[in-house]
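The structure appears right after this line, and notes come after that.
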Number of protein chains: 2
Amino acid sequence: MVQQIARRLNRSMEEKLSPHGLNLQQFAVMMTVHEFDGLTQTEIGERFSMPPYAISRAIDHLEQANLLKRRQHPTSRRALTIHATEDGRTLGLALFEIVNDVNNELTAPLTDSQREQLGGLLKALL
Amino acid sequence: MVQQIARRLNRSMEEKLSPHGLNLQQFAVMMTVHEFDGLTQTEIGERFSMPPYAISRAIDHLEQANLLKRRQHPTSRRALTIHATEDGRTLGLALFEIVNDVNNELTAPLTDSQREQLGGLLKALL
DNA sequence: CACAATCATTTGCATCTGCAATAGTCGCAG
DNA sequence: CTGCGACTATTGCAGATGCAAATGATTGTG
């Protein structure tokens with residue numbers, strides 16, 4: 001059941017993301033950068049256990065699309081820090097709405113108290 | 001959260017499946033055939049909304065591994081029906097154990113009543 | 001200081017996936 | 001009974017994904 005729901009969620013997200021030219025991984029990176037500007041790539045990856053090479057490629061794409069840019073880490077010459085561009089910050093706001101929409105859509109069959117209950121149970125499983 | 005849990009679930013399943021040389025899709029097909037012998041490929045796909053080409057390829061693999069075989073549909077010359085071989089039936093039993101193990105592992109942090117609650121809430125979302 | 005181990009990131013390559021096109025079959029309208 | 005549109009299954013191809021190796025930087029140890 002969890003898997004079926006997750007698949008529905010994914011499809012739903014991808015649909016709403018595709019007009020922006022993003023896939024789910026790129027979306028996750030954008031959200032993280034929107035919340036914390038200036039993290040290194042590894043740090044971003046740790047936020048949702050995404051392997052380094054995936055981050056690398058997601059950022060390739062996002063940098064190409066002029067949503068992010070890489071900069072030298074101030075103290076380490078091997079790390080890079082990731083920053084949202086103007087376009088990136090704008091898109092970030094649109095992304096928040098998408099998450100909300102999808103969440104509401106998914107949990108529409110539940111009452112508010114059920115929603116809380118579900119949240120609690122799921123958190124216990126993490 | 002749903003997605004994170006689903007990913008954990010997937011990894012866990014794949015781990016236990018890999019000794020048998022199966023991936024998740026092939027596993028799903030095996031379980032369905034184990035439950036209903038003689039369905040057409042499309043019917044199998046409908047059980048968990050898997051596109052026809054994915055079924056086709058999963059069965060290619062499973063037939064190769066001598067777990068299933070395709071037969072002509074008794075009344076339609078375009079459809080094929082799928083049947084478990086002896087090996088396939090044996091493996092099917094092992095697969096049931098895997099599902100149980102993974103379920104228990106996942107829901108270990110919950111009490112029995114919480115488990116039921118979660119089940120109910122998830123079902124409502126399907 | 002030199003060397004080995006570790007770290008952050010990238011890349012080559014093989015495999016997996018999804019979409020769209022194909023081949024063959026079937027049902028039905030005229 | 002003919003032809004067209006819908007159905008089953010498969011396949012070619014392009015893009016995505018995962019692993020493991022490569023690159024360059026850094027730390028620690030003797």
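Order of the sequence lines sets the chain letters (A, B, ...), proteins ahead of strands, with each chain counted from 1.
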Worksheet item: Are the ring centres of A:His20 and A:Phe27 closer than 6.0 Å?
Response: no
Worksheet item: Do any N or O atoms from the side chain of A:Glu63 and from the backbone of A:Asp60 form a donor-acceptor pair under 3.5 angstrom?
Response: no
Worksheet entry | B:Gln41 side-chain proximity, nearest of D:dT10, C:dT9, D:dT8 | D:dT10
Fill in: Spacing of B:Glu14 atom CD relative to C:dT15 atom C1', expressed in whole Å
13 Å
Practice prompt. Assess whether atom CD of A:Glu15 is packed by more than 12 heavy atoms of other residues, nucleotides or ligands within 6.0 Å.
Written response: no
Discussion item. Return whichever of A:Arg77 or B:Ser56 has its heavy-atom-nearest nucleotide of DNA chain D closer to the 5' end.
Written reply: B:Ser56
Worksheet entry | Any donor-acceptor N or O pair under 3.5 Å, side chains A:Gln41, A:Arg70 | yes
Practice prompt. Figure out the CG/P separation between A:Asn10 and C:dG18, and round it to whole Å.
Written response: 11 Å
Worksheet item: Can you tell me how far C1' of C:dT10 sits from CE of A:Met50, to the nearest Å?
Response: 14 Å
Fill in: Below 4.0 Å: OP1/OP2 of C:dC7 and any side-chain N or O of A:Ser76
no
Discussion item. Across nucleotides 12-24 of chain D, 5' to 3', mark each nucleotide with B, S or - according to how protein heavy atoms within less than 4.0 Å reach it.
Written reply: B----SBB----B
Practice prompt. Identify the heavy atoms of B:Ala6 and A:Ala6 that sit nearest to each other, and give their distance.
Written response: CB-CB, 3.3 Å
Worksheet item: Looking only at heavy atoms, what is the nearest atom pair of B:Ile55 and B:Met50, with distance?
Response: CD1-SD, 3.8 Å
Practice prompt. Measure from CD on A:Gln64 to P on C:dT10 and round the result to the nearest Å.
Written response: 13 Å
Item to complete: Quickly work out the A:Arg7 CZ to C:dG18 P distance and round it to whole Å.
Response: 10 Å
Worksheet, complete the sentence: When rounded to whole Å, the CG to C1' distance for the pair B:Leu24 and C:dT17 reads 14 Å
Discussion item. Nearest whole Å is fine: how far is C:dT17 P from B:Ile55 CD1?
Written reply: 12 Å
Worksheet item: Just how far, in rounded Å, is P of C:dT9 from NZ of A:Lys69?
Response: 18 Å
Worksheet, complete the sentence: Walking DNA chain D from its 5' end, the first of B:Asp60 and A:Thr75 to be reached, judged by nearest nucleotide, is B:Asp60
Practice prompt. Taking atom types as modelled, find out whether B:Thr107 and B:Arg115 have a side-chain donor-acceptor pair closer than 3.5 angstrom.
Written response: yes
Item to complete: Look at all strands and tell whether B:Leu80 reaches a base, only sugar-phosphate, or nothing, counting heavy atoms closer than 4.0 Å.
Response: sugar-phosphate
